Amino acid sequence: MKLLHSEACSSIWFSLAGDVKIGDTPIPEGVILLPVEKVSENVSLFPKSQLAGIRFQPAIGYAVIGQHFDQPTALTADPAHLPGLSQLYSNLKSDHDNVSRVNTLQRWLSRHFRLTKTIPGPLKQALESFNENATPGVLNEQISVSQRHVERLFKHWMEMTPKQYQRILRVKRAIDYIREHSRANLAEVAHQFGFSDQAHMTREFRAIARITPGKV
């Protein structure tokens, strides 16, 4: 069992063999489209399970798939704008090791994905701004559109508010820092990443990462 941390990403999974669960939801064999991650989930891999996948940066999944999903959804037919997924699944099943599967995925991606100008410029600006400053509610003054327009873009492309995205980003950054600095003082970490205090950081960890800072 592994904790898949929320990063506001979406994914395509290829469940190739064996039993896999996300939380309590069994994942059937096949091509599975996953929703945007708003909270962390436990992924259970049972003996002999085999799993491959593509994890998109925020907003990119909607750009290439063209729709949102509210739960893991098995693909029944190739989307017109994303051809060859069924054949890709068959190719991955015939591969005998993970190196071969990565190479198969890379070849398919190079043929079918063109990620230039994939998302609107103002959304890209906002994402870059938040990557520089993860304090919820703070928007870089250099962004050329209004806060209201940015909120509409986030709702349409990512199914969340800018503040929710910033909260996810801040918790993930704090987790990465604690992993690298296992002896860090948690009260100092809370201050460093803009939480009001250690108790606030713990509440945010529980709500988004489903784990405490101490457990990390």
Side-chain angles (χ1 to χ4, degrees), residues 1-13 20-25 27 32-45 51 53-63 65 68-73 119 123-140 147 150-216:
M1 183 180 291
K2 297 290 185 180
L3 192 63
L4 178 64
H5 284 290
S6 170
E7 296 182 86
C9 302
S10 57
S11 307
I12 300 176
W13 279 13
V20 179
K21 285 185 178 181
I22 299 180
D24 295 326
T25 303
I27 302 300
I32 312 299
L33 306 176
L34 267 62
V36 175
E37 306 155 358
K38 298 175 183 175
V39 297
S40 299
E41 294 281 5
N42 280 316
V43 179
S44 302
L45 300 171
L51 186 67
I54 303 165
R55 197 178 194 198
F56 298 105
Q57 293 289 331
I60 299 296
Y62 179 73
I65 297 173
H68 292 294
F69 301 88
D70 57 7
Q71 60 185 356
T73 303
I119 61 177
L123 177 59
K124 183 178 180 182
Q125 283 184 325
L127 289 169
E128 291 173 349
S129 170
F130 294 154
N131 285 333
E132 296 171 3
N133 177 12
T135 302
V138 176
L139 188 63
N140 192 318
Q147 177 82 28
V150 170
E151 289 173 356
R152 287 196 294 268
L153 288 172
F154 268 75
K155 183 66 176 177
H156 179 74
W157 288 81
M158 299 172 62
E159 290 197 312
M160 65 179 64
T161 65
K163 184 175 181 179
Q164 187 176 6
Y165 173 70
Q166 288 173 293
R167 289 174 63 209
I168 291 170
L169 188 62
R170 183 168 61 172
V171 167
K172 182 61 171 60
R173 284 177 168 175
I175 288 173
D176 290 343
Y177 182 86
I178 293 170
R179 282 176 166 170
E180 293 179 9
H181 304 84
S182 60
R183 298 182 181 275
N185 180 289
L186 293 181
E188 293 176 358
V189 173
H191 175 74
Q192 177 179 342
F193 287 92
F195 299 97
S196 58
D197 53 30
Q198 185 176 338
H200 176 217
M201 180 172 71
T202 299
R203 290 194 300 272
E204 288 289 271
F205 268 54
R206 288 184 185 277
I208 294 171
R210 295 184 174 176
I211 193 172
T212 65
K215 184 68 173 177
V216 174

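Nothing here was measured: the structure is a model prediction, and the numbers come from that model. Here, residue 1 is the first one in the sequence, and each next residue gets the next number.
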Could you tell me whether Glu151 atom CD has more than 12 heavy atoms of other residues or ligands within 6.0 Å of it?
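Yes.
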Taking all atoms of both residues into account, what is the closest heavy-atom pair of [X] and [Y], and its distance?
{"X": "Arg170", "Y": "Phe193", "answer": "CD-O, 2.7 Å"}
{"X": "Val150", "Y": "Pro162", "answer": "CG1-CG, 4.0 Å"}
{"X": "Ile32", "Y": "Pro72", "answer": "CG2-CB, 4.0 Å"}
{"X": "Ser6", "Y": "Val39", "answer": "CB-C, 3.6 Å"}
{"X": "Lys38", "Y": "Ile208", "answer": "O-CG2, 4.2 Å"}

Quick test of your reading: applying side-chain hydrogen bond (donor to acceptor under 3.5 Å, both in side chains), list the pairs with at least one residue in residues 185-195, sequence neighbours left out, ordered by first then second residue.
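Non-adjacent pairs meeting side-chain hydrogen bond (donor to acceptor under 3.5 Å, both in side chains): zero.
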Which residue pairs pass the side-chain hydrogen bond (donor to acceptor under 3.5 Å, both in side chains) test when at least one of the two sits in residues 206-216, sequence neighbours left out?
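Qualifying pairs, neighbours excluded: Glu41-Arg210.
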[atom1] of [X] to [atom2] of [Y]: how many Å apart, nearest 0.5 Å?
{"X": "Trp157", "Y": "His68", "atom1": "CH2", "atom2": "NE2", "answer": "8.5 Å"}
{"X": "Arg167", "Y": "Phe130", "atom1": "CZ", "atom2": "CZ", "answer": "14.0 Å"}
{"X": "Ser129", "Y": "Lys124", "atom1": "OG", "atom2": "NZ", "answer": "14.0 Å"}
{"X": "Phe69", "Y": "Glu159", "atom1": "CZ", "atom2": "CD", "answer": "10.0 Å"}
{"X": "Leu186", "Y": "Thr202", "atom1": "CG", "atom2": "OG1", "answer": "7.0 Å"}
{"X": "Leu33", "Y": "Ser10", "atom1": "CG", "atom2": "OG", "answer": "9.0 Å"}

Under the ring pair (Phe, Tyr, Trp, His ring centres under 6.0 Å) test, which residues partner Phe205, sequence neighbours left out?
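In terms of ring pair (Phe, Tyr, Trp, His ring centres under 6.0 Å), with neighbours along the sequence ignored, Phe205 is linked to no residue.
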Take the angle between the ring planes of His156 and Tyr62 and call it parallel below 30°, perpendicular above 60°, tilted in between.
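If you compare the ring of His156 with that of Tyr62, the planes turn out perpendicular.
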How are the rings of Phe154 and Tyr165 set relative to one another: parallel (under 30°), tilted (30 to 60°) or perpendicular (over 60°)?
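Ring orientation, 0 to 90° scale: tilted.
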Does Arg183 have any side chain to side chain donor-acceptor pair (under 3.5 Å) partners at least two apart in sequence or in another chain, and if so, which?
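Expected list: none.
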State which residues pass side chain to side chain donor-acceptor pair (under 3.5 Å) with Lys21; sequence neighbours excluded, sorted by chain then number.
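Partners of Lys21 by the side chain to side chain donor-acceptor pair (under 3.5 Å) criterion come out as none, since no residue qualifies.
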Test of understanding: with side chain to side chain contact (heavy atoms under 4.5 Å, CB included), list the residues that count as partners of Ala184, not counting sequence neighbours.
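With neighbours one apart ignored, the set is Tyr177, His181, Val189.
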Is Lys172 salt-bridged to Glu37, cutoff N-O under 4.0 Å?
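Salt bridge: no.
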Any donor-acceptor pair under 3.5 Å linking the side chain of Lys2 with the backbone of Leu45?
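The answer is no, because no donor-acceptor pair under 3.5 Å joins these two groups.
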For the backbone of Met1 and the side chain of Ser44, can you confirm whether one donor and one acceptor N or O come within less than 3.5 Å of each other?
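Side chain of Ser44 to backbone of Met1: no pair is present.
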